[in-house]
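Here's the structure, in structure tokens; my notes come after.
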Amino acid sequence: MDFKDVFDKLIISHEYTYRDLAIDLNAKYEPKFSKSTLQSWREGKSYPSIYHAIALADFFDVSLDELAGRKTLPEKALKIDKSDVIATHIDDDVTDEEMNEILNFIDYIKQKEK
């Protein structure tokens, strides 16, 4: 397994689109990420710089060795934590009750679209 395969697994398991992943990464890290760059990495046409790789590893909570495919991804890296996915879009002062309402609304919208 190499970076392309690992990156593909992470995107699929977290149900990210290139657009949403770029938005979440750009809200938290420098250097910036674009949809087309993410797509190019996933297709194996190019690879991230060390700065991008460090940001990706941090974002997905994996080591650089795991991101590069040199070590097996931990199970926790392939599970979706909805709180983390939307955390970059929510103020720090949101209560647990408000967070549950937000998550319930997101689930409602996702089900509505199916």
Side-chain angles (χ1 to χ4, degrees):
M1 187 176 293
D2 63 4
F3 168 79
K4 177 185 142 336
D5 298 324
V6 172
F7 190 50
D8 186 57
K9 273 188 172 187
L10 290 168
I11 289 176
I12 290 170
S13 70
H14 287 82
E15 299 177 357
Y16 265 114
T17 64
Y18 297 121
R19 179 185 177 278
D20 290 340
L21 181 56
I23 289 169
D24 287 353
L25 288 165
N26 288 334
K28 195 171 181 181
Y29 301 100
E30 285 288 336
K32 295 302 180 191
F33 295 77
S34 71
K35 295 184 302 185
S36 61
T37 298
L38 295 170
Q39 182 175 1
S40 179
W41 295 343
R42 188 170 178 197
E43 293 171 353
K45 293 179 181 176
S46 65
Y47 294 92
S49 69
I50 189 64
Y51 303 106
H52 284 104
I54 290 169
L56 287 171
D58 181 65
F59 183 78
F60 287 112
D61 194 23
V62 297
S63 71
L64 287 172
D65 278 342
E66 291 162 343
L67 184 66
R70 295 169 36 106
K71 289 187 177 178
T72 305
L73 281 173
E75 189 67 29
K76 67 178 174 79
L78 299 175
K79 292 184 179 175
I80 299 172
D81 182 347
K82 292 180 182 178
S83 298
D84 289 341
V85 173
I86 63 170
T88 57
H89 302 288
I90 298 176
D91 296 331
D92 292 336
D93 59 352
V94 173
T95 66
D96 288 341
E97 184 177 324
E98 291 169 329
M99 178 62 78
N100 285 333
E101 285 184 48
I102 292 167
L103 294 172
N104 288 337
F105 182 71
I106 290 170
D107 286 340
Y108 167 77
I109 295 299
K110 288 173 76 174
Q111 292 302 317
K112 186 177 165 184
E113 292 176 356
K114 290 182 179 180

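Positions are given from 1, in the same order as the sequence printed here.
Side-chain contact between L21 and F60 is present, with at least one heavy-atom pair separated by less than 4.5 Å.
When atom types are taken as modelled, the side chain of N104 and the backbone of N100 share a donor-acceptor pair closer than 3.5 angstrom. Distance alone, capped at 3.5 Å, is enough to place a donor-acceptor pair between the Y29 side chain and the F59 backbone.
Y18 meets the ring pair (Phe, Tyr, Trp, His ring centres under 6.0 Å) test with no other residue; sequence neighbours excluded. Partners of K35 by salt bridge (charged side-chain N to carboxylate O under 4.0 Å, His left out), not counting sequence neighbours: none found. A search for salt bridge (charged side-chain N to carboxylate O under 4.0 Å, His left out) contacts involving K71 returns nothing, not counting sequence neighbours. For D65, the salt bridge (charged side-chain N to carboxylate O under 4.0 Å, His left out) criterion is met by R70, not counting sequence neighbours. By the salt bridge (charged side-chain N to carboxylate O under 4.0 Å, His left out) test, E97 is found to be paired with no residue, residues two or more places apart in sequence or in another chain being considered.
Contact between N26 and F33 at its shortest, heavy atoms only, is OD1-N, 2.6 Å. Between P48 and A53, the shortest heavy-atom distance links the atoms CB-N, 4.0 Å. Shortest non-hydrogen contact noted between S46 and S40 is OG-OG, 2.8 Å.
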Report task. Please lay out, stage by stage, how W41 and T37 fare under the test side-chain contact (heavy atoms from CB on, under 4.5 Å). Result -> CA-CA 6 Å; W41 295 343; T37 298; 3.3 Å; yes

Query raised in the report: Stepwise, does the side-chain contact (heavy atoms from CB on, under 4.5 Å) test hold for Y16 with L38?
Result: CA-CA 11 Å; Y16 265 114; L38 295 170; over 6 Å; no

Query raised in the report: Does the pair L56 and L25 meet the rule for a side-chain contact (heavy atoms from CB on, under 4.5 Å), with working shown?
Result: CA-CA 8 Å; L56 287 171; L25 288 165; 3.8 Å; yes

Solution key, residues 4-11 side-chain donor-acceptor pairs under 3.5 Å, sequence neighbours excluded:
| residue | atom | partner | partner atom | Å |
| --- | --- | --- | --- | --- |
| D5 | OD2 | D2 | N | 3.4 |
| D8 | OD1 | R42 | NE | 2.5 |
| D8 | OD1 | R42 | NH2 | 2.7 |

